[in-house]
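Beneath this line is the structure, given in structure tokens, with notes to follow.
The shown structure was predicted, so the numbers you read here are calculated from the model rather than taken from an experiment. Below, each value reflects all heavy atoms present in this structure, side chains not excepted, and no hydrogens, waters or symmetry copies. We count ligands from 1, going down the list as the structure has it; atoms in each ligand are counted the same way.
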Amino acid sequence: MLIAGIYLPGVIRYRHMIGILGGTFDPIHYGHLRTALDVQEALELKHIHFVPLKHAVHKKQPGTEAELRASMVQAAIAQHPGFVMDDCELHNDRPSYSLYTLQSFRRQMPHTPLCFLLGMDAFRDFLSWHEPMEILKLAHLVVMQRPGEEMPDAQLQQLVAERSVENAAALRQQPGGSILFQPVTQLAISATDIRLRAQQGRSLRYLLPDAVITIIEKLKLYRPS
Ligand code: ATP
């Protein structure tokens, strides 16, 4: 008997898929939100979990406390059904490896297809991550094109050739293991640019939700000390 999905002759199709978007979110912006919504719609994801990392491993440690970055995520997604602020990395003092996060999701959802969302910039470094092939066993990778980002190098292209699928239906057949390139709205917005604008006292309007701008202004985040 198959509990998590429905059985069609020769094919398993799981009912629900979950999206996971990890990031520093320092701060969260429309480049994260609009692209996550595009993926949620295209793949019919029940939920997308936004997972702010605590201890950065692939980039410089963010200057803003993890709890504060999480509050900005919470403020940004509060009105959107299906977007979930997930604090699973916040209570851990170990490095925030995606492997550990996905292992914890897998323990809670043994059969559900997990879609790990990442921008092309992050995907290009995928093979240098901690245990990349274990990550790919636990989840599918859904790669969102990002303005200015080229396709990956030859070694990663090899993995893409072996694992890429064309559509969401293919992802529904396995809990993990495939790579999907998902077209998304192209927004050349980055948290680095937002922090720089805030530092220079320039407007942040229309780059990120007003609720997040209010937090940044109230707490004078990213201002020169
Ligand atoms: P920073 O500028 O501080 O490096 P960032 O804007 O890239 O930050 P992160 O929190 O590091 O934001 O990103 C989390 C994830 O979201 C990564 O996989 C990243 O590739 C993706 N992402 C961020 N901005 C965009 C965007 N504008 N379009 C598509 N994907 C994005």
Side-chain angles (χ1 to χ4, degrees), residues 19-43 45 48-77 83-90 95-99 101-102 114-130 132 135-136 139-152 156 179-200 202 204 206-209 212-213 215-216 221-222:
I20 300 160
L21 176 60
T24 44
F25 302 123
D26 189 22
I28 188 165
H29 53 69
Y30 285 134
H32 302 120
L33 293 160
R34 179 64 230 183
T35 52
L37 178 56
D38 288 337
V39 175
Q40 185 187 26
E41 280 184 350
L43 307 190
L45 299 179
I48 294 187
H49 292 246
F50 287 70
V51 184
L53 60 78
K54 184 160 187 186
H55 299 292
V57 284
H58 304 299
K59 56 205 271 189
K60 206 167 147 259
Q61 180 65 17
T64 313
E65 287 294 320
E67 283 71 15
L68 191 43
R69 289 183 281 112
S71 311
M72 292 193 276
V73 172
Q74 182 59 53
I77 67 175
F83 280 6
V84 179
M85 172 34 231
D86 195 313
D87 63 1
C88 63
E89 289 191 5
L90 265 48
S96 300
Y97 287 123
S98 301
L99 177 74
T101 306
L102 289 169
L114 300 176
C115 297
F116 189 68
L117 278 51
L118 69 178
M120 180 64 92
D121 57 316
F123 179 63
R124 284 165 61 89
D125 296 333
F126 178 67
L127 290 176
S128 69
W129 290 16
H130 185 54
I135 291 176
L136 201 41
H140 300 300
L141 300 185
V142 175
V143 183
M144 310 177 290
Q145 181 64 41
R146 205 174 165 175
E149 289 296 331
E150 308 278 316
M151 276 298 281
L156 199 48
I179 301 174
L180 178 74
F181 288 89
Q182 180 59 47
V184 291
T185 310
Q186 293 296 283
L187 292 170
I189 301 176
S190 74
T192 303
D193 174 64
I194 289 171
R195 292 193 300 273
L196 186 65
R197 285 170 195 262
Q199 199 186 355
Q200 296 169 343
R202 294 160 65 200
L204 304 184
Y206 310 131
L207 295 171
L208 65 173
V212 180
I213 297 179
I215 296 175
I216 293 172
L221 298 181
Y222 315 125

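S190 approaches R146 most closely through the heavy-atom pair CB-NH2, 3.5 Å. Listed here is the closest heavy atom pair of I28 and M72: CG2-O, 3.7 Å. Here the closest heavy-atom approach between residue Q182 and residue A42 is recorded as NE2-CB, 3.4 Å.
Put simply, CD on Q186 and CZ on R34 are 12.0 Å apart, with the number rounded to the nearest 0.5 Å. In this structure, Q61 CD and D26 CG are separated by 9.5 Å, a value rounded to the nearest 0.5 Å. For the atom pair CZ of R69 and CG of L221, the computed distance is 11.5 Å after rounding to the nearest 0.5 Å.
Close approach of ligand 1 to L118 (heavy-atom distance below 4.0 Å) involves ligand atoms 18 (O). Listed by number with element, the atoms of ligand 1 under 4.0 Å from a non-hydrogen atom of A122 are 18 (O). Near G23, meaning under 4.0 Å from one of its heavy atoms, ligand 1 places the atoms 10 (O), 14 (C). Taking every non-hydrogen atom of G22 and a distance limit under 4.0 Å, the qualifying atoms of ligand 1 come out as 14 (C), 15 (C).
Using bins of under 30°, 30° to 60° and over 60° for the plane-to-plane angle, the ring pair H32/F25 lands in the perpendicular bin.
For atom 3 (O) of ligand 1, the closest non-hydrogen atom on the protein side is R195 NH1, 3.1 Å. In terms of protein heavy-atom proximity, atom 4 (O) of ligand 1 is closest to K59 NZ, 2.6 Å. Looking from atom 28 (N) of ligand 1 to the surrounding protein, the closest heavy atom is R146 CG, 3.4 Å. With hydrogens left out, the protein atom closest to atom 21 (C) of ligand 1 is G119 N, 3.9 Å, a heavy atom.
With atom 1 (P) of ligand 1 as the reference point, the heavy atom nearest to it among D121, T192, V143, L187 is part of T192. Heavy-atom proximity to atom 9 (P) of ligand 1, evaluated over Q186, H32, M144, is greatest for H32.
An N or O contact shorter than 3.5 Å is missing between L21 and ligand 1 by distance. Taking only nitrogen or oxygen atoms, main chain and side chain alike, F25 reaches within less than 3.5 Å of ligand 1. At under 3.5 Å, not a single nitrogen or oxygen of L117, backbone or side chain, sits near a nitrogen or oxygen of ligand 1.
Counting only residues at least two apart or in different chains, salt bridge (Lys or Arg N to Asp or Glu O under 4.0 Å) contacts with residues 180-190 are absent.
At a 4.0 Å heavy-atom cut-off, ligand 1 touches H29 through the side chain alone.
Residue E65 qualifies as open at atom CD: its count of foreign heavy atoms under 6.0 Å is 12 or below.
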